[in-house]
Q: 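Let me begin by handing over the structure; questions about it come next.
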Amino acid sequence: MSEQTADSTAVPETVAEPAPAEFVQTPSQTVGPFFGYALPYDGGGDIVNRVNPVAIRVHGRVFDGAGVGVPDALIELWQPDESGRISDELGSRERDGYTFTGFGRTPTTRAGDYTFTTVKPGAVAGADSGAPAYALVTVFARGLLYHLFTRVYFIDEEALSDQAAFDALVEADPLLKSVDPGRRATLIAVADGADSYRFDIHLQGESETVFLDFD
């Protein structure tokens, strides 16, 4: 019985080194150290053109649990127009400079600030009668495995200063009614100038914004 031995003089077959994998960021990896990659786009915060006669400014700051502005968050706004119409035409979320899009996405600045140019939303047909109009807000930020959802309500100053009128609005809105009275203010935009509303978002802490759960 013969025994085979390795031929030390044989030239080994060349095995090609595998090409290094080219890892690139994808939208699914944007929550975390690669947050924001490829998601912001030019005009993302302009839901309507700034020259629109009913345009308003919605702005605010995103705070972390220590009360510091979050410099790399991303905010989305979804809403009907001033008459309560939801834009659903094909391509309506593109920016053509004049069409109401109903959707906006904008990153925060280094101080954590964001700004949208939009319109004050109207009541959607079929919505709860007498309920205040609102826009939907989505928050992406570091440390979040999943984005957060909330609402921003637009309530007239008169109603905010009239307890009976405010109570009637709350009574008409099932979600607002379900929120602890002490935390309702975290869902309400505050007028801070001509056609300007401030809506700060607190991710944690005593002033934490009320966020919504979806099944």
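Because the structure is predicted, anything quoted here is derived from the model rather than measured. Basis for what follows: all heavy atoms, side chains included, without hydrogens, waters or symmetry-related copies.
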Q: Is the closest side-chain heavy-atom distance between Val152 and Leu136 below 4.5 Å?
A: no
Q: Quick one: does Asp128's side chain have a donor or acceptor within less than 3.5 Å of a partner on Ala131's backbone?
A: no
Q: Between CZ of Phe199 and CG of Leu77, what distance do you get to the nearest 0.5 Å?
A: 9.5 Å
Q: If you take all heavy atoms of Leu176 and Pro132, which pair is closest and at what distance?
A: CD2-CG, 4.2 Å
Q: What are the two closest non-hydrogen atoms of Ala172 and Ser129, and how far apart are they?
A: CB-O, 3.4 Å
Q: Do the side chains of Val58 and Phe154 get nearer than 4.5 Å, heavy atoms only?
A: yes
Q: Where do Gly122 and Pro80 come nearest, in terms of heavy atoms and distance?
A: O-CG, 3.6 Å
Q: Which heavy atom of Ile47 sits nearest to which heavy atom of Gly102, and what is that distance?
A: CG2-N, 3.5 Å
Q: So which heavy atom on Ala159 is nearest to which on Leu169, and how close?
A: CB-CD1, 3.6 Å
Q: Do Leu74 and Val139 have side chains that approach each other closer than 4.5 Å (heavy atoms only, starting at C-beta)?
A: no
Q: When Ile201 is tested against each of Thr150, Val70, Val137 for side chain to side chain contact (heavy atoms under 4.5 Å, CB included), which residue passes?
A: Val137
Q: Before giving the answer on side chain to side chain contact (heavy atoms under 4.5 Å, CB included), spell out for Val190 and Tyr197 the whole-Å C-alpha distance, their side-chain angles and the decisive distance to 0.1 Å.
A: CA-CA 5 Å; Val190 177; Tyr197 293 84; over 6 Å; no
Q: Going from OG1 on Thr117 to CG on Asp195, what distance comes out if it is rounded to the nearest 0.5 angstrom?
A: 11.0 Å
Q: Just do the side chain to side chain contact (heavy atoms under 4.5 Å, CB included) check on Leu160 and Asp156 with the steps written out, would you?
A: CA-CA 6 Å; Leu160 288 175; Asp156 293 336; over 6 Å; no
Q: Any ion pair linking Asp113 and Arg61 (charged N to carboxylate O, less than 4.0 Å)?
A: yes
Q: Say whether, by atom type as modelled, one donor and one acceptor occur between the side chain of Thr108 and the main chain of Ala73 under 3.5 angstrom.
A: yes
Q: Please examine the side chains of Arg105 and Leu39, heavy atoms only from C-beta on, and report whether any two atoms are closer than 4.5 Å.
A: yes
Q: Please list, chain by chain and in numerical order, all residues satisfying side-chain hydrogen bond (donor to acceptor under 3.5 Å, both in side chains) with Arg151, sequence neighbours excluded.
A: Tyr134, Tyr153
Q: Would Phe211 and Phe149 count as a ring pair (Phe, Tyr, Trp, His ring centres under 6.0 Å) here? Give the steps.
A: CA-CA 6 Å; Phe211 296 107; Phe149 301 97; 9.6 Å; no
Q: With no hydrogens and no angle check, is any side-chain donor or acceptor of Asn49 less than 3.5 Å from a backbone partner on Asn52?
A: no
Q: Would you please test His147 and Glu76 for side chain to side chain contact (heavy atoms under 4.5 Å, CB included) and show each step?
A: CA-CA 10 Å; His147 40 283; Glu76 290 183 351; over 6 Å; no
Q: Using side chain to side chain contact (heavy atoms under 4.5 Å, CB included), reason through Asp96 and Thr101 one step at a time and then give a plain yes or no.
A: CA-CA 9 Å; Asp96 60 12; Thr101 65; over 6 Å; no
Q: Looking at Asp180 and Arg184, does any basic side-chain N land under 4.0 Å from a carboxylate oxygen?
A: no
Q: Any salt bridge linking Asp173 with Lys177? Criterion: basic side-chain nitrogen under 4.0 Å from a carboxylate oxygen.
A: no
Q: Can you name the one residue among Arg57, His59, Arg198 that meets side-chain hydrogen bond (donor to acceptor under 3.5 Å, both in side chains) with Asp192?
A: His59
Q: Does anything in residues 111-133 form a ring pair (Phe, Tyr, Trp, His ring centres under 6.0 Å)? List the pairs, not counting sequence neighbours.
A: Tyr114-Phe116
Q: Hey, are Asp72 and Arg142 close enough for a salt bridge, meaning a charged N less than 4.0 Å from a carboxylate O?
A: yes
Q: Excluding sequence neighbours, so at least two apart, what forms ring-ring contact (aromatic ring centres under 6.0 Å, His included) with His202?
A: Phe63
Q: Grab the two heavy atoms, one from Ala133 and one from Pro121, that are nearest each other, plus how far apart they are.
A: CB-O, 3.1 Å
Q: Which is it for Thr186 and Glu208 under the side-chain hydrogen bond (donor to acceptor under 3.5 Å, both in side chains) test, yes or no, and what are the steps along the way?
A: CA-CA 7 Å; Thr186 70; Glu208 181 179 322; over 6 Å; no
Q: Membership question, hydrophobic clusters at under 4.5 Å side-chain separation (ILVMFWY): are Phe100 and Val54 in the same one?
A: yes
Q: What distance separates Ile56 CD1 from Ser196 OG, expressed to the nearest 0.5 Å?
A: 8.5 Å
Q: With a 3.5 Å distance limit and no angle check, can you tell me whether Gln79 reaches the backbone of Val119 through a side-chain donor-acceptor pair?
A: yes
Q: Are Trp78 and Leu212 linked, directly or through intermediate hydrophobic residues, by side-chain heavy-atom contacts shorter than 4.5 Å (ILVMFWY only)?
A: yes
